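Notes follow once the structure below has been shown.
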Amino acid sequence: MDTPLFDYTLGLADDALVSAQRMGWWISRAPELEEDVALANIGLDQLGQARTLLTYAGVLEGAGRTDDDLAYLRDDREFRNVKLVERSMTDFGVAMARLLVFSTYQLHLYRALAASTDETLSAIAAKAVKEVAYHVDHAAHWVVRLGDGTDESHARMQAALDAEWPYVDELFAPVDASLVGRVADPAAIRDAVLTDVRRVVAQATLAAPEVAPALGGGRVGLHTEQLGFLLAGMQHLHRSHPGATW
Amino acid sequence: MAERHGDWPLWEVFVRARRGLSHVHAGSLHAPDAEMALRNARDLYTRRGEGVSLWVVKASDIEASTPDERDSFFDPAADKIYRHPTFYDVPEGVEHL
């Protein structure tokens, strides 16, 4: 097995899967019904990306694990997502700040991955680019409206951005040396992503935070305790009723 | 945020199903401004491939006829068949005349 490629694919998949689960929390809780639907759509797009990536990770592993096996039967230490997406997301400003950072990252990464020599990853990425471009658009519109809105919305949007910023750095950890030139390297898109995010932040009359990065480790399975709670909710049904179908 | 509910104005949504057809009223939604209304319309009315173009119009900007005006507006048209091109045969294959 090509372990570095398996881990890389699992990382992309888990980012999308965990983010989708956090996005789903907003269904019935967004400021308006219309926003419920928008966030649900975004979560479902991410879930679709996760499923194709997990399926491919299962193929790469060659042990017969399906997308469901990988999503529902791994424990937190086996998840490869960055910490940015796993922490609780119960403030609308935080949700939009995180979506702006994460979807801008995904957009640049998928664009680069679409040119990958790995045909499966290239095809998955090419399909996802259009979806993610809309996620960026949605998040950017909200960040600008809240940042350049009332005094209260400005303060809360700035606080949300400050809370997310320490977790931005982990996104850009370089890939394993054996993968250089074969997949999209997050380290290579750092400037492009941060330039895009800073442009929106400036338009929103907010300040790009100057903070030290938080401890990383998500890509090797070191997570915050919040991932455990997320997985308990996400995996409970599948583990309680193995093999259940509709 | 629930106490803010109702602050967003109502928008009417018009969807063009494909090139050559007119925009048709599809429904309405709430949004804080025109740009977000377009995006909400995309999520609510075109996510299953229903359209190629969207219009949103603030509902309060639409001037509508009232039931009181029905007689003076519409009744006089009822008995003037010469206004209708009913004496022509429609060629086969013309769908959107």
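For the numbers below, each heavy atom of this structure counts, side chains included, while hydrogens, waters and symmetry mates do not. Remember, predicted model here, so these are calculated numbers, not experimental data. Convention: sequence-line order gives letters A, B, ...; per-chain numbering from 1.
Inter-residue side-chain proximity for B/Glu50 and B/Tyr45 is flagged as unmet; no heavy-atom pair is nearer than 4.5 Å. Here the side chains of A/Leu171 and A/Val193 are not in contact, with every heavy-atom distance at 4.5 Å or above. Residues A/Asn81 and A/Leu227 have side chains in contact (heavy-atom distance under 4.5 Å, counting atoms from C-beta outward).
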For A/Leu113 and A/Leu12, run side-chain contact (heavy atoms from CB on, under 4.5 Å): C-alpha distance rounded to whole Å, both residues' side-chain angles, the deciding distance at 0.1 Å, then the answer. CA-CA 11 Å; A/Leu113 195 58; A/Leu12 297 185; 3.6 Å; yes

Candidate pair A/Lys83 and A/Asp169, rule salt bridge (Lys or Arg N to Asp or Glu O under 4.0 Å), full reasoning: CA-CA 10 Å; A/Lys83 289 179 178 171; A/Asp169 203 59; over 6 Å; no

side-chain hydrogen bond (donor to acceptor under 3.5 Å, both in side chains) between B/Asp7 and B/His30, intermediate numbers included: CA-CA 9 Å; B/Asp7 282 359; B/His30 291 94; over 6 Å; no

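The salt bridge (Lys or Arg N to Asp or Glu O under 4.0 Å) pairs that include a residue from residues 20-44 of chain B are A/Asp137-B/Arg39, A/Arg145-B/Asp33, A/Arg145-B/Glu35, where partners are two or more places apart or lie in different chains.
The structure places CG of B/Asn40 at 6.0 Å from CG of B/Leu44, a figure rounded to the nearest 0.5 Å. Between A/His135 atom NE2 and A/Phe102 atom CZ the span is 10.0 Å, to the nearest 0.5 Å.
Taking the six-membered ring where the residue is Trp, A/His138 and A/Tyr134 present tilted rings, their angle falling between 30° and 60°.
Between A/Asp118 and A/Tyr56, the side chains place a donor N or O and an acceptor N or O closer than 3.5 Å (distance only, hydrogens not considered). Counted by atom type alone, B/Trp8 and A/Glu34 present zero donor-acceptor pairs between their side chains at under 3.5 Å.
The stretch residues 53-76 of chain B places none of its residues near chain A, where near means some heavy atom under 4.5 Å from a heavy atom of that chain. Listed in order of number, the residues of residues 17-26 of chain B that approach chain A to under 4.5 Å between heavy atoms amount to none. Residues of residues 37-52 of chain A lying under 4.5 angstrom from chain B, judged on non-hydrogen atoms, are A/Val37, A/Ala38, A/Asn41, A/Leu44 by number.
The two atoms that bring A/Asp162 and A/Pro209 nearest to each other are OD1-CG, 3.2 Å, heavy atoms only.
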